[in-house]
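Values in this document were obtained by computation on a predicted structure and should not be read as measured data. Naming convention: chains lettered A, B, ... in sequence-line order (proteins, then strands); numbering from 1 in each chain.
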Protein chains: 2
Amino acid sequence: MPAKRPPVPLSRERIIDAALHIADGQGLRRLTMRRLGDALQVEAMAIYHHLPRGKEALMDALAEHVTAIQVDPAPTWQETARQWCRAQREALREHPGVLALALTKPPKGATAIAIMEQTEQLTGAGLSDAAEAVRSLRAFVFGSVAVEVQQSGWADPERDTWTRRDARADADFERGMDAMLRGLGG
Amino acid sequence: MPAKRPPVPLSRERIIDAALHIADGQGLRRLTMRRLGDALQVEAMAIYHHLPRGKEALMDALAEHVTAIQVDPAPTWQETARQWCRAQREALREHPGVLALALTKPPKGATAIAIMEQTEQLTGAGLSDAAEAVRSLRAFVFGSVAVEVQQSGWADPERDTWTRRDARADADFERGMDAMLRGLGG
DNA sequence: ACCTGAACACCGTTCAAGT
DNA sequence: ACCTGAACACCGTTCAAGT
């Protein structure tokens, strides 16, 4: 018969994964330290050992998780930008529960670093005002995902199907992205 | 000597104004029913008489307040769209404390009505796919304001001044808006 | 009709204590 | 080093009661 396994030790990563699961499944308002402790089979107070600033640190970490996006440089700055936009959109769509944090928390830590790296990437690829381009790309992706997710929670008068709305969002995104890249070409 | 004036009666409007003041001044997390009651010189429980669904209803009302934007129709659909974008941006910038709600709550009530009216306005002005245009305009404004407000809370390595960042945001917005309107022209 | 007081279940966080 | 238990101040909400 199986011996009682020693419990997997708590870690920052496990905490964040569990928190994302709760936020995405039940909403950010139901993500509490106590519920998070339950999900991890631990008393809530144990979390403070790994996230000393408590819930504030947790919220920051969740925002960073969906927002510190890096991609490999592609042959052209346009293609690099495209890859980044798609990756950032995917990350946000996968975790709608923390979208509010991702869109409003000021960039810190890994996110701030990712932004700087992306700016250098685009500058290196020959784009003149890369800082402005990064701001525009971020605004485009954030806005697109915001209205897409908003709409998915809407009592739709036209009763769109799930797959149809999904396909339309994809097409809108690709088209908007290409238009924006043309605009940035300057 | 002045007689003790009878207290101004509570109302939905006064509650929302006070709530916006707290959220903008101290952040959404510090907006509690009890603090809101204090600001209104009333016990927290009195609020439930005017907002029966309690805090949930309050949050909905705050999102609606900055998001149910209507403008008068202008000679061209482009000019109508421009007016709407500017008005929506102003409303969001004035109340950064509820931006997270505005960007993530699904449109309901007055907001849903405003969206429908705007769609009809643009359709009436000759735009073929007005529903898609409205989605694009909303995405553009939401994204722009999100990164602008995010940046204003950032420890900026280049130490931009307040007025300079403001001017740049205005210019970015106008330029992006015009590019988008050209793109929607079909 | 409008507001209060007391009560309840829940929350974030601290700190001393356990192993 | 890592986790627990008890405690504290605060929170949202209900309900009976006051005027």
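Aromatic ring centroids of Phe140(A) and Phe140(B) lie 6.0 Å or more apart.
For His50(B) and dC3(C), the shortest distance from a side-chain N or O to OP1 or OP2 is below 4.0 Å. The shortest distance between the side-chain N/O atoms of Arg30(B) and the OP1/OP2 oxygens of dC11(D) is not below 4.0 Å.
Pair assignment for dT14(C): dA6(D), on the basis of Watson-Crick or G-U wobble contacts that are both within less than 3.5 Å. The partner of dA1(C), taking Watson-Crick or G-U wobble pairs whose two distances both stay under 3.5 Å, is dT19(D).
dA16(D) atom P lies 17 Å from atom OH of Tyr48(B), rounded to whole Å. Between the CG atom of Leu31(B) and the C1' atom of dG12(D) there is a distance of 12 Å, rounded to whole Å. To the nearest angstrom, C1' of dC10(D) lies 16 Å from CG of Leu36(B). When rounded to the nearest whole Å, the span between CD1 of Ile15(A) and C1' of dC2(D) equals 12 Å. In this structure, Lys55(B) places its NZ atom 16 Å from C1' of dA9(C), rounding to the nearest Å. Atom-to-atom, CD of Glu56(B) to P of dG12(D) comes out at 12 Å; the value is rounded to the nearest Å. One interatomic measurement links the two molecules: CZ of Arg14(B) to C1' of dC2(C), which rounds to 13 Å at whole-angstrom precision.
Nucleic acid contact class of Met33(B) (heavy atoms, under 4.0 Å, all strands): sugar-phosphate only.
Between Arg29(A) and Ile47(A), the residue whose closest nucleotide on DNA chain D is further toward the 5' end is Ile47(A). Position along DNA chain C of the nearest nucleotide to Arg34(B) versus Leu10(B) favours Leu10(B) as the more 5'-ward residue.
Taking only side-chain atoms of Arg35(B), from C-beta outward, the nucleotide of dG12(C), dC11(D), dT4(C) with the closest atom is dC11(D). With dC11(C), dG5(D), dT4(C) as the choices, the nucleotide that has an atom nearest any side-chain atom of Glu43(A) turns out to be dG5(D). Side-chain atoms of His49(B) lie closest to dA1(C) of the nucleotides dT4(D), dT4(C), dA1(C). Residue Met45(A) places its side chain closer to dA7(D) than to any other of dA7(D), dG12(D), dC3(C).
Side-chain N/O atoms of Gln26(B) and Arg35(B) include no donor and acceptor closer than 3.5 Å. Checked by atom type, the side-chain pair Gln83(A)/Glu79(A) shows a donor-acceptor distance below 3.5 Å.
Residues Arg12(B) and Leu51(B) are in side-chain contact: their nearest non-hydrogen atoms beyond the backbone lie under 4.5 Å apart.
Among Ile113(A), Thr80(A), Thr123(A), Val134(A), the single residue meeting the side-chain contact (heavy atoms from CB on, under 4.5 Å) criterion with Gln118(A) is Val134(A).
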